[in-house]
Visitor: 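First, the structure itself, so that you have it in front of you.
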Amino acid sequence: SALAKSCGLILSLFAFAQAAQVNMLDAQTSGKLQAITNAQLPICLPAIDALGQSNNPAVVKPLADAFALENRPVVRRAIIDALGSLRSRAAIPTLKQALNDADIQVRQSAVAAVGLLGAGDVQAILLEHAATEKNPAIKRQMVHHLGLIHTPESQKALKTFSQDKDATVRDMAGQRLNKEPQQNP
């Protein structure tokens, strides 16, 4: 019937349009992936940010690979921020590596990115790193994220932080220890 042919044609056109949109998205993503290693910051930084906002798990590995090869701290930090935005467990090895980066801002971004993962991952990764972190600013971030998780392990870490030589870290940890877990209404 003519109606069935018309519906079939409409469905075919719709499928073609969807496929074209996916191919265009893939071309855009490919272009951004190529741009992340560009020597010019005005090219690579927006590409990294766009990939982080893409919600595309396929970009985790190329971003992680770029992080491993990148020497510029500002670009390494942008890559970690993008990986955090993606909230993918596949980024955990790179986030752990970034927690030990020589650049404090990269480490700060790594703590924030870890904080976006599930509570179990946050706790495990931050507890593993807590014993070796020396920078008070990063310790404060760790206290914040561990303070959101009310487990015996996180409470133990907060007690350790409450004995830190930095007064702000001590105060924050003490405040987090005294807070009651928030109940869902």
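For clarity, every value in this text was computed on a predicted model and none was experimentally measured. Positions are given from 1, in the same order as the sequence printed here.
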Visitor: Go through the steps to decide whether Leu146 and Leu127 satisfy the test side-chain contact (heavy atoms from CB on, under 4.5 Å), and finish with yes or no.
Guide: CA-CA 8 Å; Leu146 288 169; Leu127 290 177; 4.2 Å; yes
Visitor: Count I, L, V, M, F, W, Y as connected when their side-chain heavy atoms are under 4.5 Å apart, and connections chain through other members. Are Ile92 and Leu116 then in the same cluster?
Guide: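 No, because Ile92 and Leu116 fall into different hydrophobic clusters, even though each may have its own neighbours under 4.5 Å.
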Visitor: Under a 4.5 Å side-chain heavy-atom rule over Ile, Leu, Val, Met, Phe, Trp and Tyr, are Ile43 and Leu33 clustered together?
Guide: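 Ile43 does not cluster with Leu33.
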Visitor: Can you give me the closest heavy-atom contact between Ala113 and Leu95, atom names plus distance?
Guide: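 That would be CB-CD2, 3.7 Å.
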Visitor: Apply side-chain contact (heavy atoms from CB on, under 4.5 Å) to residues Asn100 and His129 and explain how you reach the verdict.
Guide: CA-CA 9 Å; Asn100 295 305; His129 185 69; 3.4 Å; yes
Visitor: Nearest heavy-atom pair of Ala98 and Arg107: which atoms, and what distance?
Guide: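 Taking Ala98 first and Arg107 second, the nearest heavy atoms are O-CG, 3.4 Å.
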Visitor: Roughly how far, to the nearest 0.5 Å, is the CG atom of Asp81 from the CD atom of Gln53?
Guide: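 Taking CD in Gln53 and CG in Asp81, the distance rounds to 10.0 Å.
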Visitor: Taking all non-hydrogen atoms of both residues into account, name the closest pair between Arg76 and Val106 and its distance.
Guide: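 What the structure gives for the nearest pair is CB-CG2, 4.0 Å.
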Visitor: Could you check whether any side-chain heavy atom of Val75 comes within less than 4.5 Å of a side-chain heavy atom of Leu41, counting everything from C-beta outward?
Guide: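 Touching, per the 4.5 Å side-chain cut-off.
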Visitor: Would you check, one step at a time, whether the test side-chain hydrogen bond (donor to acceptor under 3.5 Å, both in side chains) holds for Ser109 with Arg77?
Guide: CA-CA 6 Å; Ser109 285; Arg77 183 177 189 187; 2.8 Å; yes
Visitor: Could you walk me through whether Arg170 and Gln163 pass the side-chain contact (heavy atoms from CB on, under 4.5 Å) check?
Guide: CA-CA 6 Å; Arg170 283 194 313 266; Gln163 304 300 312; 5.8 Å; no
Visitor: Check whether any side-chain N or O of Ser154 sits under 3.5 Å from a backbone N or O of Ile149 as a donor-acceptor pair, and report yes or no.
Guide: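 Here the side-chain-to-backbone pair exists.
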Visitor: I want to check something: taking the side chain as every heavy atom from C-beta on, are Asp101 and Phe67 in contact at a cut-off of under 4.5 Å?
Guide: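 They are in contact (side-chain heavy atoms under 4.5 Å apart), so the answer is yes.
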Visitor: For atom CZ of Arg72, is the number of surrounding heavy atoms from other residues, nucleotides or ligands below 6.0 Å larger than 12?
Guide: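 Buried by this count: over 12 neighbours within 6.0 Å.
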Visitor: Taking all non-hydrogen atoms of both residues, which atom of Val114 and which atom of Val122 are closest, and how far apart?
Guide: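 Where Val114 meets Val122 most closely, the heavy atoms are O-CG2, 2.9 Å.
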Visitor: So, does Asp49 use its side chain to make a donor-acceptor pair with the main chain of Leu45 at under 3.5 Å?
Guide: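 No, Asp49 side chain to Leu45 backbone: no donor-acceptor pair under 3.5 Å.
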Visitor: Does Arg176 reach the main-chain N or O of His145 with its side chain, forming a donor-acceptor pair under 3.5 Å?
Guide: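 Judged by distance alone, no pair lies under 3.5 Å.
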Visitor: Is the closest basic N to carboxylate O distance between Lys139 and Asp164 below 4.0 Å?
Guide: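 Yes, this pair counts.
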Visitor: Rounded to the nearest 0.5 Å, what separation is found between the CE atom of Met142 and the CG atom of Leu158?
Guide: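 Atom-to-atom, Met142:CE and Leu158:CG are 10.5 Å apart.
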Visitor: Evaluate side-chain contact (heavy atoms from CB on, under 4.5 Å) for Ile138 paired with Ile104, printing each intermediate quantity in order.
Guide: CA-CA 8 Å; Ile138 295 171; Ile104 185 172; 3.7 Å; yes
Visitor: Using every non-hydrogen atom in the two residues, find where Ser162 and Ala173 come nearest and quote the distance to one decimal.
Guide: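 Heavy atoms of Ser162 and Ala173 come nearest at N-CB, 3.5 Å.
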Visitor: Same cluster or not: Leu148 versus Ile125, using hydrophobic residues (I, L, V, M, F, W, Y) connected whenever any side-chain heavy atoms lie under 4.5 Å apart?
Guide: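 Not linked; separate clusters.
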Visitor: If you take all heavy atoms of Thr168 and Asp166, which pair is closest and at what distance?
Guide: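 Nearest heavy atoms, Thr168 then Asp166: N-OD2, 3.1 Å.
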Visitor: With clusters defined by side-chain heavy atoms of hydrophobic residues (ILVMFWY) lying less than 4.5 Å apart, directly or transitively, does Met172 cluster with Leu177?
Guide: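 Leu177 and Met172: one cluster.
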Visitor: Charged N to carboxylate O below 4.0 Å: is that the case for Asp65 and Lys61?
Guide: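 Salt bridge: yes.
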Visitor: With side chains defined as the heavy atoms from C-beta onward, is the minimum distance between Leu99 and Glu128 less than 4.5 Å?
Guide: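 With C-beta onward as the side chain, the pair stays apart.
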Visitor: For a 4.5 angstrom cut-off between non-hydrogen side-chain atoms, does Val59 reach Leu86?
Guide: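 Counting from C-beta outward, Val59 and Leu86 do come under 4.5 Å.
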Visitor: So does Asn135 get a backbone contact from the side chain of Glu133, meaning a donor-acceptor N/O pair under 3.5 Å?
Guide: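 Judged by distance alone, yes, a pair lies under 3.5 Å.
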Visitor: To the closest 0.5 Å, what do you measure between CD (Gln155) and OG1 (Thr160)?
Guide: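 It is 11.5 Å, given to the nearest 0.5 Å.
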Visitor: Are any non-hydrogen side-chain atoms of Pro73 and Gln105 less than 4.5 angstrom apart?
Guide: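 The answer is no, as the side chains (C-beta and beyond) never meet within the 4.5 Å cut-off.
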